[in-house]
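First the structure, in the form of structure tokens, and then the observations on it.
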Amino acid sequence: MMTIPFVDLNAQYNSIKIEIDEAIRLVIDEAAFIGGFSNRFVNSFENNFSDFLEGSNFASCANGTDSLEIILKAFNIGPGDEVLVPALSWISTAECVSNIGAKPVFVDIKENSFTIDENLLTTKVNKNTRAIIPVHLYGQSCEMDTILEIAKSNGLIVIEDCAQSHGARYKGILTGTMGDASSFSFYPGKNLGAYGDAGGFSIKRADIFEKAKQIANHGQKKKHIHVLTGRNSRLDGIQAAVLDVKLKFLNEWNFKRRKIANRYIDFLSNSEIKLPVAFANCEHVYHLFVIRVKNRDYLANQLSKKGISTSIHYPTPIPRMEAFNYLNIPAGIFPVAGHACDEILSLPIYPEITEPEVQFVCDSIINVLK
Ligand SMILES: *Cc1c(COP(=O)(O)O)cnc(C)c1O
């Protein structure tokens, strides 16, 4: 029997072990553990990721949930304000809004892309609306032209949640460089992942970018000069060193993910499965490969018996989570997200998965469904 994990971080580590071990050793050697003003490992990663973003500014922080919160705070969004977020995402996208005292206003997703339905945005805008957080879910960009246009005509800030879209493009433009700000997570399983929690942000307005950096580091402008009350959200040296090594491989790994996705699409295209739609004007980086099937739970169980791990991203629309009961959202107003959550299944996808393994997953799926 073949055992196929959902992701295989060890396989990736083994492919770059010598460089990673040396990078970590150097950090320990220099006791350069914590970021802040002068950690050369953190500075190096920030510079290199800024280059990756084709020159957009970039600062690191502790994780991709903090980065969203820090951005919202830097823009002075808070109590009384509303922020539009998709009904389907990882909880952070909405949690950050609640945590700063503003109100998350959920918008249903689109059937074909699972991303926020830009056609519903204007129905949710009122005088309190301050921002939109489009999430480039699963690794494909949202419909940014429309989102940016609606934001502009309503005076809203656009914060791209790029936690799943490192390197993805929309009409040739990199995700994370289109909005007023963008947030990145480098959680281990993301397309660019650290060996612990890590995150960062880019903000177009230089003054707000400076403020966000201060918020992430106890409100310090310089060492011991605290100009506001911030928080402790620094990237540590080991994570920065790991990310700096891995960043060099990101484009190659994204290329491999696309190749694997295309294999899945080839092998599965004759079955009763709804395959992910990759738009011609988007460069998808397949953080996740999400199919849709009617008998999802049965399929997942049968695959598990064959040694194949799958996952669900996500089983519940965010507005239906107990955590958001306090918003008293009426039942049934996110039909597309609700329906999707019953049918979506994420198949194993990572740069190191082999062609025979992909073939085995596909054969198994076709067998189970027949
Ligand atoms: C992973 C993720 C986050 C949060 O990142 P952390 O680094 O785990 O805090 C935010 N948004 C989305 C869409 C994510 O997938």
Side-chain angles (χ1 to χ4, degrees), residues 6-7 9 35 45 49 58-73 83-100 104 106-107 109 113-116 131-142 144 147 158-168 175-176 179 181-202 212 215-216 231-236 238-240 242-243 246 257 284-290 311-319 321 323-324 337 340-341 344 346 349-350:
F6 183 64
V7 279
L9 298 177
F45 172 64
F49 201 75
F58 176 77
S60 60
C61 66
N63 59 67
T65 307
D66 278 5
S67 54
L68 286 166
E69 258 184 65
I70 290 165
I71 293 167
L72 290 168
K73 280 213 142 177
V83 178
L84 307 183
V85 297
L88 184 70
S89 181
W90 173 243
I91 188 172
S92 303
T93 310
E95 190 179 30
C96 63
V97 179
S98 298
N99 284 350
I100 52 118
F106 294 96
V107 180
I109 56 163
S113 65
F114 303 100
T115 50
I116 196 165
I132 309 172
I133 309 183
V135 180
H136 306 307
L137 199 71
Y138 307 154
Q140 182 161 248
S141 175
C142 298
M144 289 306 288
I147 292 171
V158 175
I159 302 165
E160 295 176 72
D161 184 341
C162 301
Q164 305 188 2
S165 74
H166 318 80
T175 54
S182 58
S183 167
F184 288 87
S185 164
F186 306 111
Y187 173 84
K190 309 287 189 188
N191 286 31
L192 178 61
Y195 288 175
D197 278 314
F201 50 84
S202 179
I215 293 170
R231 60 204 291 164
N232 180 355
S233 185
R234 296 172 299 218
L235 183 65
D236 71 73
I238 290 181
Q239 302 314 331
V242 167
L243 288 168
K246 291 180 71 173
R257 284 176 183 271
H284 200 318
V285 293
Y286 291 100
H287 171 58
L288 296 167
F289 190 88
V290 179
S311 192
I312 301 168
H313 299 88
Y314 296 90
T316 314
I318 307 179
M321 294 175 182
F324 294 94
C341 288
I344 48 181
S346 308
I349 190 163
Y350 44 91

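First listed ligand is number 1; within each ligand, the first listed atom is number 1.
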Without hydrogens or angle criteria, can the side chains of H313 and S346 be said to hold a donor-acceptor pair below 3.5 Å?
yes
Less than 3.5 Å apart, N/O on ligand 1 and N/O on the protein: could you list those pairs with the distances?
| unit_1 | atom_1 | unit_2 | atom_2 | d |
| --- | --- | --- | --- | --- |
| ligand 1 | 5 (O) | S185 | OG | 3.1 |
| ligand 1 | 7 (O) | G64 | N | 2.7 |
| ligand 1 | 7 (O) | S185 | OG | 2.7 |
| ligand 1 | 9 (O) | G64 | N | 3.3 |
| ligand 1 | 9 (O) | T65 | N | 2.9 |
| ligand 1 | 9 (O) | T65 | OG1 | 2.5 |
| ligand 1 | 11 (N) | D161 | OD1 | 3.3 |
| ligand 1 | 11 (N) | D161 | OD2 | 2.8 |
| ligand 1 | 15 (O) | Q164 | NE2 | 2.8 |
| ligand 1 | 15 (O) | K190 | NZ | 2.7 |

With sequence neighbours excluded, residues passing ring pair (Phe, Tyr, Trp, His ring centres under 6.0 Å) with H287:
none
Which label fits F49 and F45: parallel for a plane angle under 30°, tilted from 30 to 60°, or perpendicular past 60°?
tilted
Partners passing ring pair (Phe, Tyr, Trp, His ring centres under 6.0 Å) against F324 (at least two apart in sequence or in another chain)
F106
Quick one: sort the H166 and F184 rings into parallel, tilted or perpendicular, breaks at 30° and 60°.
tilted
If the condition is side-chain contact (heavy atoms from CB on, under 4.5 Å), which residues does N63 pass it with, not counting sequence neighbours?
T65, D66, D197
